[in-house]
Amino acid sequence: MPDYVPHTPAEIDAMLAFLGLDDLDDLYAHIPASLRVAGGLDLESGRSESDVMAFFEDLAHRNHPAAGDLVCFAGGGAYDHELPAAVRAMAGRSEFLTSYTPYQPELAQGVLQALFEYQTMLCSVTGMDIANASLYDGASAAVEGLNLAAAATGRSTVWVSAGIHPHVRAVIHTFAAGSGLDVRIAPLVDGTTAWPDDLAEAGALLVAQPNYLGCLEDVAGAAARAEAAGALLVAYADPVAAGVLNPVGQQGAHVAVGEGQPFGNPLGFGGPYVGLFACKEGAYVRRWLPGRLVGETVDTEGRRAYVLTLSTREQHIRREKASSNVCTNQTVIAIAAAFHMAWLGPEGLRELAVRCARGARYAREQLVRIPGVEPACLAPTLYEQAFRLPIPAATALERLSEEGFLGGIDLSGDYPELGDAFLVTVTETRTRADIDGFAAALEKVVA
Amino acid sequence: MPDYVPHTPAEIDAMLAFLGLDDLDDLYAHIPASLRVAGGLDLESGRSESDVMAFFEDLAHRNHPAAGDLVCFAGGGAYDHELPAAVRAMAGRSEFLTSYTPYQPELAQGVLQALFEYQTMLCSVTGMDIANASLYDGASAAVEGLNLAAAATGRSTVWVSAGIHPHVRAVIHTFAAGSGLDVRIAPLVDGTTAWPDDLAEAGALLVAQPNYLGCLEDVAGAAARAEAAGALLVAYADPVAAGVLNPVGQQGAHVAVGEGQPFGNPLGFGGPYVGLFACKEGAYVRRWLPGRLVGETVDTEGRRAYVLTLSTREQHIRREKASSNVCTNQTVIAIAAAFHMAWLGPEGLRELAVRCARGARYAREQLVRIPGVEPACLAPTLYEQAFRLPIPAATALERLSEEGFLGGIDLSGDYPELGDAFLVTVTETRTRADIDGFAAALEKVVA
Amino acid sequence: MTQQVPEILTGPGGGQAASAPLAGREAEPTVFELSSPGRRAWSFRETGIDEWDAADLVPAEHLAPEPPALPEVSERDLVAHATRMSHRNYSVDLGAYPLGSCTMKYNPKLCDAVAALPGLTGCHPAQPAAQVQGWLALLHGLSEALCAVTGMAAATLQPAAGAAGELTGLLLMRAWHEAQGRQRSKVLIPDSAHGTNPASVTLGGYQAVEVPSNGRGLVDVDRLRELLDDDVAGLMLTNPNTLGLFEVQIEEIAAAVHEVGGLLYYDGANLNAILGVVRPGDMGFDIVHMNLHKTFATPHGGGGPGAGPVAVTERLAPFLPGPLAAYDGETDRYEWVTPERSIGRIHLWHGNAMVLARAYAYILGYGGEGLRRVADGAVLNARYLKERVRGVFDFPYDDPCMHEFVASAAGLRRRHRVKALDLAKRFIEEGFHPPTMYFPLIVDEALMVEPTETESPQTVEAMAQALRTVVEEAAADDGARAQAAPVSTPVGRVDEVRAARDLRPVWRPEVTEPSA
Amino acid sequence: MTQQVPEILTGPGGGQAASAPLAGREAEPTVFELSSPGRRAWSFRETGIDEWDAADLVPAEHLAPEPPALPEVSERDLVAHATRMSHRNYSVDLGAYPLGSCTMKYNPKLCDAVAALPGLTGCHPAQPAAQVQGWLALLHGLSEALCAVTGMAAATLQPAAGAAGELTGLLLMRAWHEAQGRQRSKVLIPDSAHGTNPASVTLGGYQAVEVPSNGRGLVDVDRLRELLDDDVAGLMLTNPNTLGLFEVQIEEIAAAVHEVGGLLYYDGANLNAILGVVRPGDMGFDIVHMNLHKTFATPHGGGGPGAGPVAVTERLAPFLPGPLAAYDGETDRYEWVTPERSIGRIHLWHGNAMVLARAYAYILGYGGEGLRRVADGAVLNARYLKERVRGVFDFPYDDPCMHEFVASAAGLRRRHRVKALDLAKRFIEEGFHPPTMYFPLIVDEALMVEPTETESPQTVEAMAQALRTVVEEAAADDGARAQAAPVSTPVGRVDEVRAARDLRPVWRPEVTEPSA
Ligand SMILES: Cc1ncc(COP(=O)(O)O)c(C=O)c1O
Ligand SMILES: Cc1ncc(COP(=O)(O)O)c(C=O)c1O
């Protein structure tokens, strides 16, 4: 087995002798014998490095990766984008990977500056004033956004669009059991959110741009309604779509949350991804902003330096009154996202969004030619779109996988009102040939 | 296409303006127009990063890698050993990968110290006093070894054992055309070298340990004959076998050369590998040692430091009288080898050699049970061995590949005297199941 | 010279390495300062799809006039910038990192290699179970291993970190009590607890009530008994606790909590100290969270990602978040199953999957006996180091320590006005990352030291000598050098007050002329 | 304290980072000093094969009593040691590296990713062609691309570096002359040539004869004519030459050499300057070597590996080393073919294959027009930088430079006793790697500067300002600071005399107590 405990028997004896102990068991002499594990843990015995590697290679072979064996048309919150070799190399530097939270700024300027740059770029992408140094994922970011809004407004009722990712809504419900938020769902009509007329009690509105069905929402309209009701608008914004869409901040959203996976991360079976969180300047920031924040300052010699700041909001200082309980976050993923955003730059990000949209448009043109296949919503979309099928989506997807495609995501469970529908996503990695092949396969399997 | 030239059009214009030039072509105004390439190079136009990646992934799919699709029993100078993840990670550090030859020691202590440690470990493995900082490969190391011996003895006749890798012998012949060495081949009898009685003229003897057929040579005997003839013994030593065999230095060899691939390198289709070169202290060192050498010294403050030394031997100083023409060598490969040697340590290296030998012995026991399959040589072997087959080796190997095995290397071309023979190599990565499967497949294909 | 240098050609050069500690101590420019209009690193695949422009694709009311303001840099400048930033950061790969409670041990490169397997990284989290049997097998196998290590019955791998695990655990507590038809409002936590504990309690909808420690730094069982009543949902405990001390009265504590119908929650941050020695389940805990990034050595990533799986006893299993990977012996297939009374999802997908893969590789490599050696090494190193610095530091709570110990610099502060902070900064000059400072809160001028098992005895001894040197020097010069430390780092001590007062969370052109 | 610290626990701690520039300037211990008897990092696969011991497997007369003395370290200590060493080394990834002739440009990470593909790295070099069609296609495609770039007919990819390519070329020259039934003994090389040229000439069995440069730093064509006779096998030329100047009389030179039946050899070290502008073949060269690690950006690896393919004209093709990857249109297969009059093998296998793959990726990414932009950027940067330092340095040969230029500090040395070496060391303090020093030999106090095309104009301007600062400072303080430089590096100037006199090429316990 690989052994990362360096102590040799002779060294162990020397240390025990120094401590006046006879053997290693003596280290635990004060632990009640009744509690001690008899006969070791019920685990297989250790394996060598190459046996461990072989074990996981075998597991890997038992998967049919969407990015690999299959041609991927599935999205729905996890996207098969190109991951530049340089981004992987930079984020993989072991100084970023094997360091702890930068509590000692003199030894952590690298991580601190990278996070500072991440915060700045995230503000550009969302049109916000201030961003934190990451949260766990899109779902936790949404929860924190609602918590902040509720705290800032003193209202516990939150309206969540049905266009929010079903898993995100599920997580919101789960945590509401503890936080006491009263979560109400605003339905979709023709693919976009229909807010109730009476929002008087509302502390927050949560809308996605684009939403889960790929439809473009009227963020400005939602913002106006929120303003009118004295609520905050929390926008769940797709960072890739931000390459072409009006920034949610400029549309009046007070808080932007979202999932940063498309920047710097492989599909990775769902994690680690990164929860994006940014908001407008406001009284609530110093009191209620969740998570870590890096600020620029100077050192004793006046050199520019970075440091974690406003920590009085955080759990290690404020404890039960903290703005959030988050401690370990997704730092190195946020750093990878920052490197990817910088690699793209403004033109690259726009080009990325446009290419996804081109592919989606081309795909739509091909798919709607298939008898029985039609768009499931009327609202305009960008690069994800729901299609209605003549057969159950699950059946279609199963057959498509035999044709070598991960065809999309079955919507019938989460959006029964759409009938036999599935969500098709096209990223910049899909070629005309991929799409033609997909259309042909779909035509075949629904026939 | 990926563009690593950062200049924007505006910047180019500004630089040209500063230089008083109108356009980029003006940079070449002094080059005769008649010579200029008209209409650009005859190459395809550029591709994006992901298209380039896709191109090579396609090429990769058109290979059947020995370490992957096939189970590898081929060696013959390139071995399928386990490559520890830590060794890959350390040698992959971009400070080692993207730096130049350490001509500025203040900025190159990392590479210099790593090479110093490589030199030290190589001396342990070969039983020598001094090692250089690497040569191209085993073949070039052998050539340099013979050149050093010829220069040191003032004799141009060199006796090369037929047990030396056929490709190494070929390279020796190629370069002899320029150096004027008179290369004579000493035949193998029962798998080991039969030196001629008269070595009077000889400047060098070159023997392999183990030799190409896997047989253990009498290095001490060869050393005695060399001493008697006033020649130097150059030993082509397998660094893995050195885990259990007497170091060639202690057996009397004056120079040890070899191929370092097994330490730190994948099969990599034959390169980059690393040429090992070490020798005994001797007058010839300061004058004739080929390649770069790192030495320990101190800096202005008395701190331990490392620097390239004895450079007066080298081409950049001594020019046409240099000990060798080598400049760029295989530094980062040598560094990887050093990390791998340190990862193994004495016990690990011995264990590695023993495990290869165990597998080879088990394989022999299985293979000789097959009718018509028998050892091709009588001499003892370690982990490579030649077997005679009842059918042409090429045919057997072809059929074995259909069974999923890279069965070994056909010897009939290089050693016709052995008949239908092939060379089978077993490393520590081959399991009992691999070998049983191989034996079964061989039995099937020769039946 | 005569000619004017064009403005456009000036500005920070991305290829200037003056900020690399190797060659200087300048400030590293921000990536925004390395930007030049029109410069680019990006390229995209040739798709053969018609090149409609944005206006053809996006309704006018949604189309942004221009893209977000991001830096425009070459790949070369970006890579150099990132590499220099990396050289300005300490890491486990550079040296010892004895942060108490954080368990900064060596992160095996083997686990990085596992996490790079395309067959694992390439899977979409929404792929049907049939397409990702390897992943489900991995998650299932890891869950079983974690249950074996903790003595629990079932586990969820969704929580992305320890704090998420805590909140999950508290929601499980709530769901369980509700299922028993009870409403309870309080959760007890020791005064030595980590800040995430009270914060999670609040988010769990409970009121956090502090249990004082006794003179030995352990839970004061009598006071605990006084606090226990039928409004107490449970007790959160870290064992060994944040002082590195094992709660030897854990059995009585468990009995007392269970007596009032409460549940016992195990904060697994220090699980590494007892691997193969004692199991939370055997101590009477009902809910356990683990920090895989501590106990099982997944890299901390400068602050994350981690993974905080939660394991529970049989009676709580029906409430676990779902879906869970389950094995069907009949079909020999793995399926997603959601417990019938599940509290619901707590992660967008399946948790930090690639982190989970790393941790599983670590566990499989060590195996049962191996994990016990991890605990032995961790405790032995801490015990040795503590004894080697006895006399130079005070130990307000001096029971035998487990994997870490907490020293106090209160005496030094009184005698020489040198703070724990100063000693920590001075320790950097000896070539080590400082220990955790000022935690737990019940120790004055606390320095919390966790050497971890992967540091060799020689490294531990070197740390001991360095700590002694630092303290003896401070005693001699009244902390003069310590108060000025560190001096050899890329930046000296930073102005934290200014950072908070004059908040600059984003780069703005006007405020960032490099001052160096 | 009272107890004695056991001897065995003392010694350098592998986890002490005092040598990391980030935290200090101590000497890094050698890996041997981090060794502890019995400690290990290794583990091996479970094979299920009987565990015979060495004595059962190796004849007594061959069995070593014990294994070679290697360090015994933990993986953790080894990784930390390697990481700290890496922090003590400059690299392209950290910043500009304007080493003339070496072409230290950005090495695209894309090419690293290509070189990591298991389908490429996993192939055994002796696999039958049928099993490695992808590799043969790669080698064939690269050969064709290199021929297109150089204007040649055929190429060998076996040479592992430029010098190996030179020797290969000279052996081709020899074989060709012999085939013509001629014996020739001399090869001409300019006095500005790189050291490998004369060294290779000697190894090629020829006598090197120097051709002097004229006042412009170019081949003195009249002197060349005098030296040319029917004993001249050929002329080796670098164009642009090592002064960064294009040999404008190349056509006359070629004609003159060919007239006496000689061959023209192109040293491709500076090929990057003329990519897509002019081709060696069109200039009349017969044999060309390329340094893929320069022109095509494969990483230099601290000194290697590189790759030095050799391309030749039609008439020399039959002599190329073999085997070569050839394409058979009929079968649409690739085969190994050895030219009928091949000089033979010059590499153990097929050359530095993974390096070749990197270079091919680079060429495919750029394509034809892209490579021309590489030359444009390289020349533009050098031309600009040269003009920006005009006035502070002398330019003994002042024709318009191509991708690099050679400045002389002779005047400064005369006036202020400051040497090129001192200025180079002082340049480090400005955050840049020094230029190449004291080469070519025909320039006194030479500084050879090659910015490369991947440095942004801002970086080039920053280098210009740094060079001016350094020189102006030296003029002001008579080189005082320059002579003391560098001060911020892990070590200061080293004692090279001691290194050579008191040679220590290997670590020996007694001589290595860390002196810091
Ligand atoms: C004792 C203790 N509990 C809980 C936590 C929180 O764990 P995480 O940072 O993974 O959220 C920590 C982390 O530092 C800790 O030390
Ligand atoms: C002009 C010139 N020729 C030849 C060489 C030798 O090339 P290599 O180092 O690849 O052997 C060099 C390398 O520095 C060079 O600059």
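Residue numbering restarts at 1 for every chain, and letters A, B, ... go by the order of the sequence lines. The basis for the numbers below is simple: all heavy atoms, side chains too, and nothing from hydrogens, waters or symmetry mates.
- Both the backbone and the side chain of E117(A) come within contact range of chain C, judged by heavy atoms closer than 4.5 Å.
- Between chain C and the options T309(A), L97(A), T101(A), V52(A), heavy-atom pairs under 4.5 Å are most frequent for L97(A).
- Heavy atoms closer than 4.5 Å to chain A are found in the side chain of L99(C), but not in its backbone.
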### Task
Go through the steps to decide whether I31(A) and V248(C) satisfy the test side-chain contact (heavy atoms from CB on, under 4.5 Å), and finish with yes or no.
CA-CA 6 Å; I31(A) 298 178; V248(C) 289; 5.8 Å; no

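- The neighbour count for H61(A) NE2, taken as heavy atoms of other residues, nucleotides or ligands under 6.0 Å away, does not exceed 12.
- Note on D50(C) versus R361(A): no salt bridge recorded, every NZ/NE/NH1/NH2 to OD/OE distance being 4.0 Å or above.
- A 4.5 Å side-chain heavy-atom check between E369(C) and S45(A) finds at least one atom pair inside the cut-off.
- For the set L24(A), V354(A), I130(A), L35(A), the entry with the most heavy-atom pairs within less than 4.5 Å of chain C is L35(A).
- Atom NE2 of H167(A) and atom CG of L348(C) lie 7.5 Å apart (nearest 0.5 Å).
- Between Y28(A) and F246(C) the shortest side-chain heavy-atom distance does not fall below 4.5 Å.
- Neither the backbone nor the side chain of S134(A) comes within less than 4.5 Å of any heavy atom in chain C.
- Salt bridge absent: E347(A) and R40(C) never bring a charged side-chain N and a carboxylate O closer than 4.0 Å.
- Only the side chain of L70(A) comes within contact range of chain C, with at least one heavy atom under 4.5 Å from a heavy atom of that chain.
- Interface remark: L138(C) contributes backbone and side-chain atoms alike to the contact with chain A (heavy atom separation under 4.5 Å).
- Interface residue E455(C): only backbone heavy atoms are found under 4.5 Å from chain A.
- With a 6.0 Å radius and a threshold of 12 heavy atoms from other residues, nucleotides or ligands, E57(A) has its CD atom above the threshold.
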### Task
Just do the side-chain contact (heavy atoms from CB on, under 4.5 Å) check on V79(C) and F339(A) with the steps written out, would you?
CA-CA 9 Å; V79(C) 166; F339(A) 290 148; over 6 Å; no

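- Here the closest heavy-atom approach between residue P272(A) and residue V355(C) is recorded as CG-CG2, 4.1 Å.
- How far OH of Y306(A) is from CH2 of W507(C): 10.0 Å, rounded to the nearest 0.5 Å.
- Interface residue D137(A): only side-chain heavy atoms are found under 4.5 Å from chain C.
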#### Entry: Pair V244(A)-L63(C), side-chain contact (heavy atoms from CB on, under 4.5 Å): steps then yes or no
CA-CA 6 Å; V244(A) 286; L63(C) 183 61; 4.2 Å; yes

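- For the set L352(A), L107(A), L43(A), the entry with the most heavy-atom pairs within less than 4.5 Å of chain C is L107(A).
- When every heavy atom of G119(C) is checked against every heavy atom of A60(A), the shortest pair comes out as CA-CB, 3.8 Å.
- Counting heavy-atom pairs closer than 4.5 Å to chain A, the top residue among G276(C), G377(C), A208(C), A148(C) is G276(C).
- Y4(A) places no side-chain N or O within donor-acceptor distance of the main-chain N or O of E453(C), the cut-off being under 3.5 Å.
- The only option from L310(A), L293(A), V294(A) that meets the side-chain contact (heavy atoms from CB on, under 4.5 Å) definition with P505(C) turns out to be L293(A).
- Heavy-atom distances place both the backbone and the side chain of T300(A) under 4.5 Å from chain C.
- In this structure, no portion of D399(C) lies under 4.5 Å from any heavy atom of chain A.
- Checked against the 6.0 Å centroid threshold, F18(A) and Y384(C) count as a close aromatic pair.
- With rounding to the nearest 0.5 angstrom, the CG atom of L78(C) is 11.5 Å from the CE atom of M341(A).
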### Task
Given ring pair (Phe, Tyr, Trp, His ring centres under 6.0 Å), test W135(C) with H64(A) step by step and report yes or no.
CA-CA 10 Å; W135(C) 259 115; H64(A) 301 290; over 10 Å; no

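- Using modelled atom types, one side-chain atom of N89(C) and one backbone atom of V111(A) make a donor-acceptor pair closer than 3.5 Å.
- P105(A) and V494(C) make their closest contact through CG-CG2, 3.7 Å (heavy atoms, listed as atom of the first residue, atom of the second, distance).
- With a 4.5 angstrom heavy-atom cutoff, L349(A) touches chain C only via side-chain atoms.
- Going from atom CZ of R350(A) over to atom CG of L70(C) covers 12.0 Å, rounded to the nearest 0.5 Å.
- In terms of heavy-atom proximity, R383(C) sits nearest to L27(A) at NH2-O, 2.6 Å.
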### Residue pair W343(A), E75(C): steps toward the side-chain hydrogen bond (donor to acceptor under 3.5 Å, both in side chains) verdict
CA-CA 7 Å; W343(A) 187 86; E75(C) 184 170 298; 2.9 Å; yes

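- Only the side chain of A126(C) comes within contact range of chain A, judged by heavy atoms closer than 4.5 Å.
- Here the closest non-hydrogen pair linking G243(A) and P67(C) is O-CB, 3.9 Å.
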### Task
Quick one: do F269(A) and H350(C) satisfy ring pair (Phe, Tyr, Trp, His ring centres under 6.0 Å)? Show the steps, please.
CA-CA 8 Å; F269(A) 204 53; H350(C) 315 299; 4.7 Å; yes

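- Heavy-atom distances place the side chain of F55(A), and not its backbone, under 4.5 Å from chain C.
- Both the backbone and the side chain of A74(A) have a heavy atom closer than 4.5 Å to some heavy atom of chain C.
- Using a distance-only test at 3.5 Å, with no hydrogens or angles considered, no donor-acceptor pair links the side chain of R88(C) to the main chain of G110(A).
- The two residues W349(C) and G77(A) have their closest heavy-atom pair at NE1-O, 3.9 Å.
- For a residue to count as touching a neighbouring chain, one of its non-hydrogen atoms must lie under 4.5 Å from one of that chain's; by this rule R318(A) does not touch chain C.
- At most 12 non-hydrogen atoms from other residues, nucleotides or ligands lie less than 6.0 angstrom from CG of D42(A).
- Interface remark: R36(A) contributes backbone and side-chain atoms alike to the contact with chain C (heavy atom separation under 4.5 Å).
- Using a 4.5 Å cut-off between heavy atoms, L397(A) makes no contact with chain C at all.
- Both the backbone and the side chain of L216(A) come within less than 4.5 Å of a heavy atom of chain C.
- With a 4.5 Å cut-off on non-hydrogen atoms, P128(C) touches chain A through its side chain but not through its backbone.
- Contact annotation for D129(A): only backbone heavy atoms (N, CA, C, O) come within less than 4.5 Å of a heavy atom of chain C.
- Here CD of Q127(C) is found 7.5 Å from CG of N63(A). Values are rounded to the nearest 0.5 Å.
- In this structure, R45(C) does not pair ionically with E428(A), as no charged nitrogen and carboxylate oxygen lie closer than 4.0 Å.
- For a residue to count as touching a neighbouring chain, one of its non-hydrogen atoms must lie under 4.5 Å from one of that chain's; by this rule P102(A) touches chain C with backbone and side chain alike.
- Here OG of S91(C) is found 15.5 Å from OH of Y100(A). Values are rounded to the nearest 0.5 Å.
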